[in-house]
Structures are given as structure tokens and as C-alpha cells.
Student: 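The structure follows.
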Amino acid sequence: MDLDLTTCRDLYINGAWQPGASGERFDVFNPATEEVLASVASAEIADADAALDAAQAAFADWASRTPRERSEVLRKAWELMTAKLDDFARLITLENGKAGNDARGEAAYAAEFFRWFAEEAVRADGLLTRAPASGARILVHHKPAGIAVLVTPWNYPAAMGTRKIAPALAAGCPVIIKPASETPLTLLALMPLLKEAGVPDGLINVLPSRRTGALVDHLLHDPRVRVVSFTGSTQVGRKLLHSAADQVLKPAMELGGNAPLIVFEDADLDTAVEGAMLAKMRNLGEACTAANRFYIHERIATAFTERFVSGMSKLKVGNGLDASVDVGPLVNADTRNKVAHFVNDAVEKGARVALGGAPLKGPGYFYPPTVLSDVPETADCVHDEIFGPVAALQTFSDTEDVIRRANDTEYGLVAYVFTGDMKRGMSVCEQLDYGMVGLNRGLVSDPAAPFGGTKQSGLGREGGHEGLHEFMESQYISTSW
């Protein structure tokens, strides 16, 4: 498979490349150079209808295949993608900007969803039991829900697609994907690979578009669509939930975060600093799982800050295609300007800049690793997702108080806790109102684990065994045989 940018840049409908009904296109930029990478076809309503027709036509055959047949296709997709990890990593870096090692990590993570759900495809276990009162047999099995609309973000161009595609195909569902306009190239490049793996024409359709709202709204109001899976901001997620309600669709929503990272006085400092850097700087902080608010026990605040600043200062900023670079550019000017606002606002309200603190000059949307200490509660970055390489440090002295502060947000995706006392660690984790907690770890994402949050951070789970059931309906059959 060739990942040349001169190919795979039209719409992908019914197993073929199409320019789109209107003929309109839009440019995709390299955030490190601000240069145009490629021109991509922009889908319209007519293209959405063509994708719906193709998906519906492919549905019955794929749903009727045995779980093992679907499993083998997904397993082949994992093998093919694994053989091309370096190519996908380079493409991710080109359109997203992330450093090479980070991009390769994403490519491997993305491929792993195909292997995981190849194994889960054969484990959609049902139930056969007997009703205690009537004596009737109760048979419960799981059926593919139907066409799934997948809306993916720009921060993980490969992984956020495969995390949805793999369970949908494993469950027996066709999909229509709307990739982010900033980063559509990676998912488009994945299509020839999936075709080679044995995915039938029409089962996967990809619709890049500059008219996202109208296009997705049209798809969600077609009665053939039964599932919507979205990763992105809570604000957009709310709008999609309103649209999904009209058709009573199954929603899977992975939305925003405001992750607290708590370091207790008995934590191993090396482990805590390493974990904090991973939780903050993975994908340059452009992740819903990124640590946003740092609560450091006052007894170790000075020592932690010194080590953390030292580690952050050693990260090299530059074009992610340079193998020596640790930190690439942010995805666009708006994101860079938003990060700059958070820093300036915090400083104006009393925070101290311990490292970084200003955008870099020259081409590209670069913002250096930044550490702010003594951040006040009134700072905007304490209440909103930074989505950039800025760590906002605060202190605490009381366990109950820090749990209250950590929970004082509308979000509930992920939290991080570092302590040498596992009994206290487990107790604190259970009191945190978050769907996921990293205990003495700065990384929680894993294809084998149920990824998702509470409160305004979303509905449903992706990955794990739970991810498969987001694309299935349970059917109960009562019989007296």
C-alpha cells in the first residue's frame, strides 16, 4: 500500500474514490510549516445519501457473516497496518504536527484496536436461562444495531478512527466516517489497507467535508442510521445528542475533560514527575486525557516543581519529522492563540511562569512546554481544557479538600493520583468522580480497557468488551420449549 499524498484524497464511497457531488475541495495544512499538504474533496448532502445507500446495501451480507469471518478481516487489518507503522506515523506528523515518536505510538495504538476487536468479535456472548416464576426459557443474544455514523477529531487522526471502526465492524455494522477537516488524510490512507484486508465495498465510507454540521445532521436524521459515535468537545457533543434524539439513536460520546493530577507527600518523586510529564505532554497536551490541573502536596511542592521544570526544559521543540524533536507544533493558529490566552490570563491573575510562557516566533504553530506555579482558582485554565503544553500547578494540604477541588468541574473523564500508600490511593480513586483514574501512572488509554467518562465528559465506553456493545442491540426471545 502506498501512502503517497497524491492518492487517497477524494471521498471514499462504496469502495471507490469519488470527487464529490459539488466538486468543491479544501486544503489540508502542515502545522509545522503552514504549507499546503493536499487538497481534499468536500462532501455534500448528495454524497451523504450515496454513502447511506452503499452502507445499507453492504449491511445484510456483513451482518450475516460468522463472527470468525469478521474477526479474520480485522486481524488482517492489524497485520497490514502494523507493517506500515512508519508510513502512518509520518503522515500523522505531516497533518497533525506531533513529534515522530508520539506519532508512531499513535499508529501502533490505532492498529491494536483491530487486533483487540478481532478477538472480541467472537466473544459477543449471550444468555440462556429460565424465568424463575413462569418457567419460560429466556434467550438473550446480540445483533448489529445498523449503520453507524462516526465523527472523529483531529488530535488522533488514526486512533480515534480505528477505535470506532474496529468495534463497529466486529459487531456487524457498516459505518460512515466524518474525519476532522484539519486531519482527514490518515483515515483516507487507511481505506486501501482495509479493502486489502477484505472489508467489502460499501461497508466503510469516508466523507471529509467543510460543511460538517449540515452533513452530520442530515446523516443523523436518516432512519437507516442507528448509532452515532463522536469524539470531541462537550459543546459539539450536546448538539449531536439533540440531533440523535430525533431518531432515538444509540449515542457513544467521548467528550471534553479537565483532568486533575494529584501528587501526595509520600509519592515517589521520580515516578510522579515521569507520570506527570507523560500525562501532560503526550500529544503535546492536545488530548482530552491530558493533565490539566496539578495539585501538589505543599510539603513536596518545591522539590516536585524543580524536577518537573527540569524535565520539561529538556524537551526539544521543532518539526516532528526531525527524529530528535520531542514537541511538535499545535494543530492550528486558533489552538495556539487559545493556549496563549490561558497562560496570559493566569499570569495576570497572579500565577508565576516557571518555564516557557510565550509562543515561538517564525512559521508553524509552536508553543513551548510551559509550567505555571501558584495558579489561582480564578484562572481560566483551572476551569477549561487547555489542550496544549501548559501545566498549571497548585498546592494542597488536606486530602478531603483536594478531592473536593478535583471533583469541582462539570467534566469527569480522567484523573491521576500519585501516592506511596496504595490503601489511600484506592480510597481516593473511588472518591473521584471520573470514568478513568491513573494510579501512579500517567497513561490510561488501552484498547483492552473501557475508555469513557462521567458527567459532561460523555456517554458510553470505547475499547474493552464494552466498546463492542455500543454497536449492538440485545434481543430477548421468550420460549417454552
Side-chain angles (χ1 to χ4, degrees), residues 3 28-33 37 81-82 84-113 152-163 179-180 182-187 189-190 231 257 259 261 273-292 308 311-332 335-336 339 356 360 364-370 385-391 414 416 438 441-447 451 463:
L3 296 185
V28 178
F29 295 87
N30 182 335
T33 65
L37 279 174
M81 190 172 184
T82 299
K84 292 288 185 178
L85 289 185
D86 289 339
D87 293 330
F88 275 103
R90 177 179 174 81
L91 184 51
I92 291 168
T93 294
L94 284 171
E95 66 173 347
N96 170 273
K98 66 181 68 177
N101 285 339
D102 207 350
R104 199 176 194 283
E106 181 192 342
Y109 175 54
E112 188 64 22
F113 282 104
T152 62
W154 51 258
N155 58 339
Y156 286 91
M160 296 302 97
T162 61
R163 192 163 77 180
E182 292 87 353
T183 58
L185 301 176
T186 301
L187 272 182
L190 184 62
T231 297
L261 186 145
V273 170
E274 180 182 356
M277 288 185 63
L278 179 58
K280 176 72 264 183
M281 295 304 294
R282 184 172 178 240
N283 199 40
L284 192 62
E286 294 177 309
C288 53
T289 56
N292 209 58
F308 186 63
M312 294 279 276
S313 69
K314 295 173 184 176
L315 299 176
K316 181 179 178 180
V317 180
N319 191 319
L321 295 178
D322 180 344
S324 67
V325 162
D326 303 297
V327 178
L330 293 164
V331 74
N332 54 34
T335 302
R336 180 191 59 192
V339 170
L360 301 183
Y365 309 117
F366 293 97
Y367 201 98
T370 295
E385 210 170 8
I386 298 171
F387 237 63
V390 177
V414 61
Y416 303 92
R441 292 198 72 211
L443 178 66
V444 298
S445 302
D446 194 299
F451 188 104

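FYI, side chains are in, hydrogens and waters are out, and symmetry mates aren't considered; it's all heavy atoms of this structure. Keep in mind the model is a prediction, meaning the values are calculated, not measured.
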Student: Taking side chain to side chain contact (heavy atoms under 4.5 Å, CB included) as the test, write out the residues that go with Thr370, two or more places apart.
Tutor: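 Checked Thr370 against side chain to side chain contact (heavy atoms under 4.5 Å, CB included); matches are Val343, Tyr367, Pro368, Leu372, Val390.
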Student: Report yes if the side chains of Pro369 and Val327 come closer than 4.5 Å at any heavy-atom pair, otherwise no.
Tutor: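 A side-chain contact under 4.5 Å exists here.
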Student: Can you sort out the partners of Phe308 under ring pair (Phe, Tyr, Trp, His ring centres under 6.0 Å), two or more places apart, ordered by chain and number?
Tutor: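 Ring pair (Phe, Tyr, Trp, His ring centres under 6.0 Å) list for Phe308, sorted by chain: Phe294, Phe304.
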Student: Tell me whether Glu286 contacts the main-chain N or O of Gly388 through its side chain, where contact means a donor paired with an acceptor under 3.5 Å.
Tutor: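 Between the backbone of Gly388 and the side chain of Glu286 there is no qualifying donor-acceptor contact (under 3.5 Å).
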Student: Is there side-chain contact between Val317 and Val325, with at least one heavy-atom pair below 4.5 Å?
Tutor: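 Val317 vs Val325: side chains apart.
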Student: Quick one: do Phe29 and Leu94 satisfy side chain to side chain contact (heavy atoms under 4.5 Å, CB included)? Show the steps, please.
Tutor: CA-CA 8 Å; Phe29 295 87; Leu94 284 171; over 6 Å; no
Student: Just jot down the side-chain hydrogen bond (donor to acceptor under 3.5 Å, both in side chains) partners of Asn101, sequence neighbours excluded, or say none.
Tutor: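 For Asn101 there are no side-chain hydrogen bond (donor to acceptor under 3.5 Å, both in side chains) partners, ignoring immediate neighbours.
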Student: Heavy atoms only: give me the nearest Ala32-Phe366 pair and the separation to one decimal.
Tutor: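 Distance-wise, the nearest heavy atoms are O-CE1, 3.7 Å.
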Student: Name all residues meeting the side-chain hydrogen bond (donor to acceptor under 3.5 Å, both in side chains) criterion together with Lys280; count only those two or more places apart in sequence or in a different chain, and write none if there are none.
Tutor: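 Scan of Lys280 (side-chain hydrogen bond (donor to acceptor under 3.5 Å, both in side chains), adjacent residues dropped) gives none.
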Student: Going by ring pair (Phe, Tyr, Trp, His ring centres under 6.0 Å), name the residues that satisfy it together with Phe113, two or more places apart in sequence or in a different chain.
Tutor: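 Phe113: ring pair (Phe, Tyr, Trp, His ring centres under 6.0 Å) contacts with Tyr109.
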Student: Taking Asn155's backbone N and O only, do any of them form a donor-acceptor pair with Asn283's side chain (distance below 3.5 Å, no angle check)?
Tutor: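 Here the side-chain-to-backbone pair exists.
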Student: Return the set of residues passing side-chain hydrogen bond (donor to acceptor under 3.5 Å, both in side chains) with Arg336 (not counting sequence neighbours), or none when no residue passes.
Tutor: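 For Arg336 there are no side-chain hydrogen bond (donor to acceptor under 3.5 Å, both in side chains) partners, ignoring immediate neighbours.
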Student: Sequence neighbours left out, what passes salt bridge (charged side-chain N to carboxylate O under 4.0 Å, His left out) with Glu106? Give chain and number order.
Tutor: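 With sequence neighbours excluded, Glu106 shows a salt bridge (charged side-chain N to carboxylate O under 4.0 Å, His left out) to Lys98, given in chain and number order.
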Student: By salt bridge (charged side-chain N to carboxylate O under 4.0 Å, His left out), which residues pair with Glu112, not counting sequence neighbours?
Tutor: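 Partners of Glu112 under the salt bridge (charged side-chain N to carboxylate O under 4.0 Å, His left out) test: Arg115.
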Student: What's the separation between atom CG in Asn96 and atom CD in Glu182, rounded to the nearest 0.5 Å?
Tutor: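 Answer for the CG-CD pair, Asn96 versus Glu182, is 10.0 Å.
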Student: Considering non-hydrogen atoms only, spot the tightest contact between Gly161 and Thr152 and give its length.
Tutor: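 In terms of heavy atoms, the two residues are closest at CA-CG2, 3.9 Å.
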Student: Looking at OG1 of Thr335 and CD1 of Ile386, how far apart are the two atoms once the value is rounded to the nearest 0.5 Å?
Tutor: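 If I round to the nearest 0.5 Å, the distance is 13.5 Å.
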Student: Taking side-chain hydrogen bond (donor to acceptor under 3.5 Å, both in side chains) as the definition, give me every residue that meets it alongside Thr162, ordered by chain and number, with sequence neighbours left out.
Tutor: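 Applying side-chain hydrogen bond (donor to acceptor under 3.5 Å, both in side chains) to Thr162 gives none.
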Student: Please identify each residue that fulfils side chain to side chain contact (heavy atoms under 4.5 Å, CB included) with Arg441, with sequence neighbours left out.
Tutor: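 If we apply the side chain to side chain contact (heavy atoms under 4.5 Å, CB included) test to Arg441, skipping adjacent residues, the hits are Leu443.
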Student: Rounded to the nearest 0.5 Å, what separates atom CG in Leu190 from atom CG in Leu187?
Tutor: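 Reported value, rounded in 0.5 Å steps: 6.5 Å.
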Student: Assess the residue pair Arg104 and Asp86 against the criterion (salt bridge (charged side-chain N to carboxylate O under 4.0 Å, His left out)); give the C-alpha distance rounded to whole Å, side-chain angles, the decisive distance to 0.1 Å, and a yes or no.
Tutor: CA-CA 6 Å; Arg104 199 176 194 283; Asp86 289 339; 2.5 Å; yes
Student: Using every non-hydrogen atom in the two residues, find where Cys288 and Glu385 come nearest and quote the distance to one decimal.
Tutor: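 That would be CA-OE2, 3.2 Å.
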Student: Does the ring centre of Phe387 sit less than 6.0 Å away from the ring centre of Trp154?
Tutor: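 Yes; Phe387 has its ring centre under 6.0 Å from that of Trp154.
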Student: Are the side chain of Thr93 and the backbone N or O of Ala89 linked by a donor-acceptor pair below 3.5 Å?
Tutor: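 Yes.
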Student: Glu95: what forms a side chain to side chain contact (heavy atoms under 4.5 Å, CB included) with it, not counting sequence neighbours?
Tutor: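 Only Val28, Leu37, Pro157, Thr183, Pro184, Leu185, Thr186 meet the side chain to side chain contact (heavy atoms under 4.5 Å, CB included) criterion with Glu95.
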Student: I need the Leu261 CG to Asn292 CG distance, nearest 0.5 Å.
Tutor: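 Rounded to the nearest 0.5 Å, the CG-CG separation comes out at 10.5 Å.
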Student: To the nearest 0.5 angstrom, please state how far the CZ atom of Phe451 sits from the CG atom of Asp446.
Tutor: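 Those atoms lie 11.0 Å apart.
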Student: Please report the closest heavy-atom contact between Ala290 and Ala259, naming both atoms and the distance.
Tutor: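 What the structure gives for the nearest pair is O-CB, 3.3 Å.
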Student: Does any non-hydrogen side-chain atom of Arg282 lie less than 4.5 Å from one of Met277?
Tutor: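 Of all side-chain heavy-atom pairs linking Arg282 with Met277, none is under 4.5 Å.
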Student: Please list all pairs passing the side-chain hydrogen bond (donor to acceptor under 3.5 Å, both in side chains) test where one or both residues lie in residues 315-330, with sequence neighbours left out.
Tutor: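 Every side-chain hydrogen bond (donor to acceptor under 3.5 Å, both in side chains) pair that includes a residue of residues 315-330, provided the two are not neighbours, is Lys316-Ser324, Asp322-Ser324.
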